[in-house]
Amino acid sequence: MNDGRPPFGRRIGIDVGGTKALGVALDEDGRIVAERRRPTPRGADSLPALVDVLVELAIELGEVDSLGIGVPGLVTRDGVLRAAPNLDGVADFEVGPLLAERLGHPVSVDNDGTCAAVAEWQLGAAKGEDDVLLVTLGTGIGGGLIASGSVQRGLNGFAGEFGHMVVDPNGPRCPCGRRGCWERYASGSGLAMLAREAATGHRLHAVVDHAGGDPQNVRGEHVMAAAMDGDDEALEVIDEFGRWVALGLSNLTNALDPAVIVLGGGLAAGAELYLGPIVRWFRELLYQPHLRPVPRVEFAEWGPRAGAVGAALLPSVRDASTAG
Ligand SMILES: [Zn+2]
């Protein structure tokens, strides 16, 4: 059993993003009692500086009983960050072992999507469920998976890279080198691409106005702004976007059969616009929806703090899952 309460008080979590590191301390009831942020060091020799920043943040946040770190990339089960496209110079960066040596106690490290999944599972939108799929819709797509009440990491720790499922082998090229990955369509940059395609076809006048008059400047926030005003063409783009999101969610549901799907990341800020189209298309695209309970689709509760909160909870869920 795991109720998210380890046998000690303060738990500290730090979420390392491309621009900032956000640290939180949780009390024994899971409330944030302290919060600090620092810019993420950039440039050629930024990794030793990043270790310094993480040590300083952990110490500033109080007596360190347990520390978890969320990182934006592929992280092995022993805390080595193999690759991280949004951090400079990362290749087999031993962030977990280096921090453990500096601080003198174990440090849990996991992917930021997995951390967000842990936060929503233990203390958020998926509380009380044992089978939880979390998908972050931001600049790209990340995610995490809880199955039968335990965090799933896969053989290497790399499970949850849902954004690079190919949904169209002839689609636009992805930074990962392949074509038609889900995140080309169903992320914030995907929404912008769908909108620019429509705008260069001489549609979306209201959206282009929000973008200062140039169709090539259209971004997701301009579509959202026009859609909030009730613009029909912007709402059509959001409907098309919702269909791409739902396509990936239906594939994941066929593979994983979750009870609840939690949507996090930057696009959660427009939940009221996106949820309707996503749920409608999801029900339409799902395999055998009349023969199965349809998973709930909800937006995340922890917003931009999900990664840090989940990182703080990592040591306790790891202990629980390894103790069986
Ligand atoms: Zn890709």
Side-chain angles (χ1 to χ4, degrees), residues 15-19 40 70-77 80-93 109-117 133-145 152-198 216 218-221 223 237-238 240-256 258 261-268 274 278 281-282 285 297 300 306-307:
D15 181 28
V16 181
T19 56
T40 303
V71 287
L74 292 176
V75 54
T76 67
R77 283 169 168 263
V80 178
L81 185 56
R82 298 293 303 274
N86 295 321
L87 299 179
D88 291 334
V90 168
D92 289 339
F93 173 38
V109 185
D110 218 319
N111 172 267
D112 51 6
T114 296
C115 291
L133 172 64
L134 176 127
V135 177
T136 56
L137 306 173
T139 312
I141 294 180
L145 177 67
Q152 302 299 306
R153 298 184 172 84
L155 173 65
N156 302 292
F158 299 169
E161 292 293 334
F162 306 133
H164 299 283
M165 294 190 302
V166 173
V167 293
D168 179 359
N170 302 312
R173 197 170 283 286
C174 179
C176 79
R178 300 177 308 158
R179 288 188 176 276
C181 292
W182 187 34
E183 73 171 35
R184 289 297 89 211
Y185 302 91
S187 63
S189 28
L191 175 62
M193 179 196 75
L194 296 172
R196 279 195 297 272
E197 277 180 2
Q216 290 309 316
V218 167
R219 293 195 304 274
E221 68 224 50
V223 183
V237 171
I238 288 197
E240 187 186 358
F241 173 75
R243 186 176 184 283
W244 282 109
V245 174
L247 176 66
L249 298 184
S250 68
N251 287 339
L252 289 168
T253 299
N254 287 337
L256 303 168
I261 298 172
V262 182
L263 301 177
L267 289 177
Y274 300 119
I278 289 171
W281 281 113
F282 179 59
L285 294 168
V297 180

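When a ligand or atom number is given, it counts from 1 through the structure's own listing order.
In terms of modelled atom types and a separation under 3.5 Å, the side chain of Q152 and the main chain of L145 share no donor-acceptor contact. A distance-only check finds a donor-acceptor pair linking the side chain of R179 to the backbone of G171 [under 3.5 Å]. Remark: side-chain polar atoms of R173 are paired, donor with acceptor, to backbone N or O of G177 under 3.5 angstrom.
A search for side chain to side chain contact (heavy atoms under 4.5 Å, CB included) contacts involving A192 returns R196, not counting sequence neighbours.
At a cut-off of 2.8 Å, measuring from the Zn ion (ligand 1), the protein N, O or S atoms that fall short of it are H164 ND1, C174 SG, C176 SG, C181 SG, waters left aside.
For R82, the CZ atom is loosely surrounded, since the number of other residues' heavy atoms within 6.0 Å does not exceed 12.
With respect to R153 and D110, a salt bridge is recorded, a charged nitrogen being found less than 4.0 Å from a carboxylate O.
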